[in-house]
Number of protein chains: 2
Amino acid sequence: MRDAHPARPTLETVARLAGVSRATVSRVINGSVGVTSGVREAVDRAVDQLGYVPNPAARSLVSRRTDSIALVVPEPATRMFSDDAFFTGILRGIGQELEAADKQLVLLLASTPASHHRIMRYLRSRTVDGVILASLHGADPLPGELAAMGVPVVASGRQLAGSAVPYIDVDHAGGVKAAIEHLLTQGRTRIATIAGPQDMVAGIDRLAGYRDALAAAGRRSLVEIGDFTRESGTSAMRRLLDDEPALDAVFVASDLMAEGALRALRQAGRRVPQDVAVVGFDDATAARSTEPPLTTVRQPIHETGRMLAQQVLKLAAGEDIDPALILPTELVLRESA
Amino acid sequence: MRDAHPARPTLETVARLAGVSRATVSRVINGSVGVTSGVREAVDRAVDQLGYVPNPAARSLVSRRTDSIALVVPEPATRMFSDDAFFTGILRGIGQELEAADKQLVLLLASTPASHHRIMRYLRSRTVDGVILASLHGADPLPGELAAMGVPVVASGRQLAGSAVPYIDVDHAGGVKAAIEHLLTQGRTRIATIAGPQDMVAGIDRLAGYRDALAAAGRRSLVEIGDFTRESGTSAMRRLLDDEPALDAVFVASDLMAEGALRALRQAGRRVPQDVAVVGFDDATAARSTEPPLTTVRQPIHETGRMLAQQVLKLAAGEDIDPALILPTELVLRESA
DNA sequence: TTGTATGCGTTATCAA
DNA sequence: TTGATAACGCATACAA
């Protein structure tokens with residue numbers, strides 16, 4: 001019994017059963033218009049009966065499409081993987097859109113520097129209809145190379161180096177502005193920040209947003225840098241407290257770091273929000289269950305994934321798209337500020 | 001200039017440049033043995049010069065292989081996505097092994113019940129060399145259908161229904177046993193548990209491990225059920241405290257729930273570990289930074305991913321594999337117990 | 001509206 | 001050791 005799999009039906013098989021030619025079957029399958037309804041039905045019946053499924057290899061050999069989109073994830077995708085549900089959220093958004101468009105998702109993970117070569121080789125074989133680039137670091141050569149190849153590409157997050165790849169990002173600055181204004185409205189006077197790494201767009205843009213918002217209010221900045229981990233949030237908060245014992249609010253560039261900051265505040269005997277107000281960024285699942293629950297800036301992760309897919313599909317279909325799509329963020333009020 | 005991409009070189013192009021036949025070029029590319037070294041070098045040079053990359057569609061059309069492995073993720077993959085780094089950990093493990101084997105990873109996400117049909121259709125077109133099934137729920141028909149198709153399949157986690165698909169899992173029971181023994185050694189006498197959902201293998205096996213370990217020590221069980229979320233850990237811990245104020249230890253089936261339990265204990269004024277010892281499961285990243293840091297059972301997530309890939313690759317290569325591979329867990333001592 | 005014929009780029013069989 | 005040549009399964013230009 002083992003491996004007794006009947007030969008897979010081909011167009012030919014279906015054609016014989018339906019009493020038509022291969023070409024006609026192909027037309028029916030691809031939804032071509034000029035086919036008599038009687039013939040169409042006969043073909044459909046034959047397809048059902050045989051359980052016929054087109055051979056993607058044969059199809060793509062002649063059509064030069066593969067109906068698949070590649071998602072490229074560089075190794076040091078710090079945010080991608082450190083962050084609670086960031087990667088999976090994006091992934092599900094992408095998956096949802098691709099499923100609707102009946103495209104496959106090929107995952108290209110770079111686990112070593114040498115992976116770059118392998119990925120380019122794969123992409124160069126033109127087996128994909130488009131590429132989604134996840135969280136690039138600094139001067140990644142990938143976007144440029146792909147664009148030069150003429151492959152449709154979109155990136156997640158604004159590019160640091162100026163490679164002109166269309167991207168989707170969230171409104172970091174807008175979210176931070178809302179957070180700071182909320183703190184100012186509360187009457188907070190000395191508002192510090194724990195920023196993210198300054199070689200990542202999320203780190204840079206959120207810090208810039210903080211500085212701008214404070215400057216607009218005529219206040220002085222007070223900045224410590226973390227690396228988006230809980231631990232770095234704790235130590236940054238301690239430094240902040242040392243430098244400026246009088247601070248009464250802190251905007252933290254990620255919820256994970258905010259968790260760490262809450263701990264440092266607790267250990268220092270400061271009450272949140274009475275003594276110090278804390279606002280995070282991300283609206284990670286953990287933000288609901290910190291003590292106290294975290295006021296934070298929500299970014300639409302799932303939507304980002306969906307847009308990434310939608311845009312690359314448009315590109316693949318030959319449409320033009322905006323060079324940048326900025327999705328709105330939203331301040332979520334809980335108890336920490 | 002737009003779209004002015006030179007025609008991709010084919011075997012024919014390379015053959016002409018190297019002054020040999022297509023067949024010979026193919027042999028060189030596929031590492032066939034009987035080729036004169038001079039000829040081989042000429043071909044290699046031509047390949048480099050032209051930047052030739054084989055066309056996967058053409059290749060797979062005749063070879064009937066695609067050098068790709070599918071990872072199927074059912075939608076309600078609770079654990080996959082709720083858990084901090086579980087999914088990404090598995091994914092990286094898989095990615096690492098597939099990269100070493102030069103295989104592609106195709107992600108098949110089921111976002112709706114209707115996805116099942118689409119996934120089967122894709123898999124039925126035989127475009128993959130093997131399938132990895134992630135976290136199946138109850139009586140999923142997928143494994144059976146795939147096995148019937150003769151596609152190499154391995155699953156992540158023991159199957160609840162008895163479909164005989166080979167799987168990789170971690171030693172839940174062994175880990176729990178180590179945890180309970182540790183608590184007993186400490187002189188803890190009333191050891192409760194917060195178990196996971198009883199329709200998931202991880203929930204079932206960890207609870208069974210708890211019962212067995214306690215029974216072996218002649219102790220009584222005390223069980224509350226959670227759903228692997230922080231919140232459920234908090235409320236389960238409260239119920240436990242209500243039912244048995246005298247408890248002095250609790251084994252919690254996930255770190256996330258353990259975080260919740262720590263909070264409930266804190267709110268109830270119990271000191272950890274002095275009054276109540278707490279042991280978690282997973283060794284999630286958060287376990288390092290709870291208060292106090294969490295003693296927990298570490299499961300080798302990355303290794304699980306690697307093994308999943310290794311086993312399916314073996315299957316695809318025609319080798320036989322063990323119907324079950326159980327990876328060791330390890331008790332990590334921190335401060336909560 | 002339908003059928004015939006051709007080619008997509010490989011691998012593999014068979015001769016030479 | 002190397003070279004013709006026949007599939008592989010499909011889409012499509014061209015005829016009918």
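So you know, we letter chains A, B, ... as the sequences are listed, proteins then strands, and number each from 1.
Contacts of A/V62 with the nucleic acid, taken as non-hydrogen atoms under 4.0 Å apart, include base atoms.
Proximity of B/R59 to the phosphate of C/dG9: no side-chain N or O atom is located under 4.0 Å from OP1 or OP2. Contact annotation: A/T10 side-chain N/O to D/dG9 OP1/OP2 distance is not under 4.0 Å. Of the side-chain N and O atoms in A/N55, none sit less than 4.0 angstrom from OP1 or OP2 of D/dC8. Regarding contacts with the backbone of D/dT2, a side-chain N or O of B/T36 is found under 4.0 angstrom from either OP1 or OP2.
Residues B/V35 and A/T24 each lie close to DNA chain D; by heavy-atom proximity, the contact nearer the 5' end of the strand is made by B/V35.
Here C/dT10 presents its P atom at 10 Å from CG of B/N30, a figure rounded to the nearest Å.
Residue side chain B/R64 does not reach the base of D/dG9 through any donor-acceptor N/O pair under 3.5 Å, judged by distance alone. At a cut-off of 3.5 angstrom, the base of C/dT6 holds at least one donor-acceptor pair with the side chain of A/R22. Residue-to-nucleotide contacts include no donor-acceptor pair under 3.5 Å from the side chain of B/R8 to the base of C/dG9.
With C/dG3, D/dC10, C/dT10 as the choices, the nucleotide that has an atom nearest any side-chain atom of A/Y52 turns out to be D/dC10. Minimum atom distance to the side chain of A/L11 is reached by D/dC10, of the listed D/dA13, D/dC10, C/dA12.
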